[in-house]
Amino acid sequence: IVSLVRFATHKDDKLVPFGERVKGRFEEWMAQQENRGRAFTAEQRWWLEMMRDHIATSLEMTVEDLDYAPFAEEGGRGKAVQVFGKSLDEVLGELNGVLAA
């Protein structure tokens with residue numbers, strides 16, 4: 001529905017499924033991070049991909065979302081804080097800004 005509305009209001013020139021658009025934006029964001037010297041571990045990348053998929057279906061990702069599936073099954077908010085440290089809020093903000101735009 002998001003893609004259809006964006007297309008109908010001329011915000012997008014092509015009708016592309018929102019999930020595909022999010023995945024493309026995610027890969028661009030990851031490349032930008034790498035170009036800036038910001039490297040993610042394999043575990044961080046795995047969490048980022050789960051967050052990407054959540055944004056693709058829910059339009060945003062909040063810290064509270066980490067308390068629910070599939071994140072809770074992997075350790076939830078506590079594990080995410082362990083994996084990302086103090087940068088968790090920053091990463092969530094960036095993902096929301098870039099992927100859901």
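Values in this document were obtained by computation on a predicted structure and should not be read as measured data.
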Subject >> Contacts of type side chain to side chain contact (heavy atoms under 4.5 Å, CB included), residue Q32, not counting sequence neighbours >> reply: W29, R36

Subject >> Check against side-chain contact (heavy atoms from CB on, under 4.5 Å), W46 and T41 >> reply: CA-CA 9 Å; W46 186 76; T41 66; over 6 Å; no

Original post:
To the nearest 0.5 Å, what is the distance between CG (N96) and CE (M61)?
Top reply: 8.5 Å

Subject >> Listed partners of D53 passing salt bridge (charged side-chain N to carboxylate O under 4.0 Å, His left out), at least two apart >> reply: none

Original post:
Does any pair with a residue in residues 67-87 pass ring-ring contact (aromatic ring centres under 6.0 Å, His included), and if so which ones, sequence neighbours excluded?
Top reply: H54-F71

Original post:
What residues form a salt bridge (charged side-chain N to carboxylate O under 4.0 Å, His left out) with E49, not counting sequence neighbours?
Top reply: R45

**OP:** Determine which pairs satisfy salt bridge (Lys or Arg N to Asp or Glu O under 4.0 Å) with at least one residue from residues 92-101, sequence neighbours left out, and list them in order.
**Re:** R38-E94

Original post:
According to the salt bridge (Lys or Arg N to Asp or Glu O under 4.0 Å) rule, which pairs have a member within residues 59-70, sequence neighbours left out?
Top reply: D67-R77

**OP:** Determine, stepwise, if the pair V91 / L95 fulfils side-chain contact (heavy atoms from CB on, under 4.5 Å).
**Re:** CA-CA 6 Å; V91 167; L95 288 176; 4.0 Å; yes

Subject >> Interatomic distance, Q44 atom CD to W47 atom CH2 [nearest 0.5 angstrom] >> reply: 11.5 Å

**OP:** Any pair with a residue in residues 78-89 that passes side chain to side chain donor-acceptor pair (under 3.5 Å), sequence neighbours left out, goes on the list, sorted by first then second residue, please.
**Re:** E43-K79

Subject >> Within-4.5 Å side-chain heavy-atom neighbours: R52 and E27 >> reply: yes

Original post:
Considering residues at least two apart in sequence or located in another chain, which fulfil the salt bridge (charged side-chain N to carboxylate O under 4.0 Å, His left out) criterion with E74?
Top reply: none

Subject >> Distance (rounded to the nearest 0.5 Å) between F18 CZ and L59 CG >> reply: 5.0 Å

